[in-house]
Amino acid sequence: MIFEEKTITLKDGRTASLKSPCVEDAEKLLNFIKKSCGETDFLIRYPEEWTITVEQEEGWVNRVRSAPDTLGITCYVDGDVAGNCEISFRGGIKASHRATIAVAILKDYWNLGIGSAMFEELVAAAENRGTEIMELDFIEGNDRARHLYEKFGFRVVSEKPNMFKLKDGTYRSEFYMQKYLREI
């Protein structure tokens, strides 16, 4: 799916652009995810686990742009990738009422309103699609993200203990959240 480009104003007065990821930015996108994974323990991989090539990232961008059930939105600030999010609409009779989302933002761009702007667009896309339940997972300790998710109406519905083991040997639970777009 293609997201129609939108300009937003950040809390520091700069402007940012929200748009679908572009093939010509595949290397930037790959560098973005590696960097963001190195800035926090709250993403699912470490930077060195991203071993795909730029060509493979280009393939991912093309799939996201052409997939009827996936919407990717990338946030650009001064031409650099600052954040990225995705909503995947489920298929099949039993699961088509649900959509899963994922978000990552570089640390330099935290607290500027990018997460809120992206969530507004994800919720709008889900509502337009007729989705009933939006869902996401987050790693224990990611209180900043949890606050954002709760601000948008997501609630924790389950915990999976010890789902992640960090390099230092500590374990973290994974929390599953849902947002109901209509009463069920």
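Computed over heavy atoms, backbone and side chain alike; hydrogens, waters and symmetry mates excluded.
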> Got a second to check how far Lys6's NZ is from Glu120's CD, nearest 0.5 Å?
Replying inline: 7.0 Å
> What heavy-atom pair brings Ile101 and Phe154 nearest, and what distance separates the two atoms?
Replying inline: CD1-CZ, 3.7 Å
>> Could you check whether Asn111 and Arg144, counting side-chain N and O atoms only, form a donor-acceptor pair closer than 3.5 Å?
In response: yes
> Can you name the nearest heavy-atom pair linking Ala99 to Phe89, along with the distance?
Replying inline: CB-CD2, 3.7 Å
> Between NZ of Lys28 and NZ of Lys35, what distance do you get to the nearest 0.5 Å?
Replying inline: 13.0 Å
> In Å and rounded to the nearest 0.5 Å, what is the CG to SG distance from Leu136 to Cys85?
Replying inline: 12.0 Å
> Rounded to the nearest 0.5 Å, how far apart are CG of Leu30 and OG1 of Thr51?
Replying inline: 9.5 Å
>> Consider side-chain contact (heavy atoms from CB on, under 4.5 Å). Of Thr70, Val64, Leu71, which one does Ser88 pass it with?
In response: Thr70
> Val156 versus Arg146: any side-chain heavy-atom pair under 4.5 Å?
Replying inline: yes
> Roughly how far, to the nearest 0.5 Å, is CG of Asp41 from CD of Glu140?
Replying inline: 12.0 Å
> If you take all heavy atoms of Ala26 and Glu58, which pair is closest and at what distance?
Replying inline: CB-CG, 3.4 Å
>> If I compare all heavy atoms of Arg65 with all of Pro21, which pair ends up nearest, and what's the gap?
In response: NH1-O, 2.9 Å
>> Please report the interatomic distance OG(Ser36) to CZ(Arg45), rounded to the nearest 0.5 Å.
In response: 11.0 Å
Result block: side-chain N/O donor-acceptor pairs under 3.5 angstrom for residues 177-184, not counting sequence neighbours:
residue, atom, partner, partner atom, Å
Gln178, OE1, Tyr180, OH, 3.0
Gln178, NE2, Tyr176, OH, 3.0
Lys179, NZ, Phe152, O, 2.7
Arg182, NH2, Glu132, OE1, 3.2
Arg182, NH2, Glu132, OE2, 3.2

> Is it true that atom CD of Glu55 has more than 12 heavy atoms of other residues, nucleotides or ligands lying nearer than 6.0 Å?
Replying inline: yes
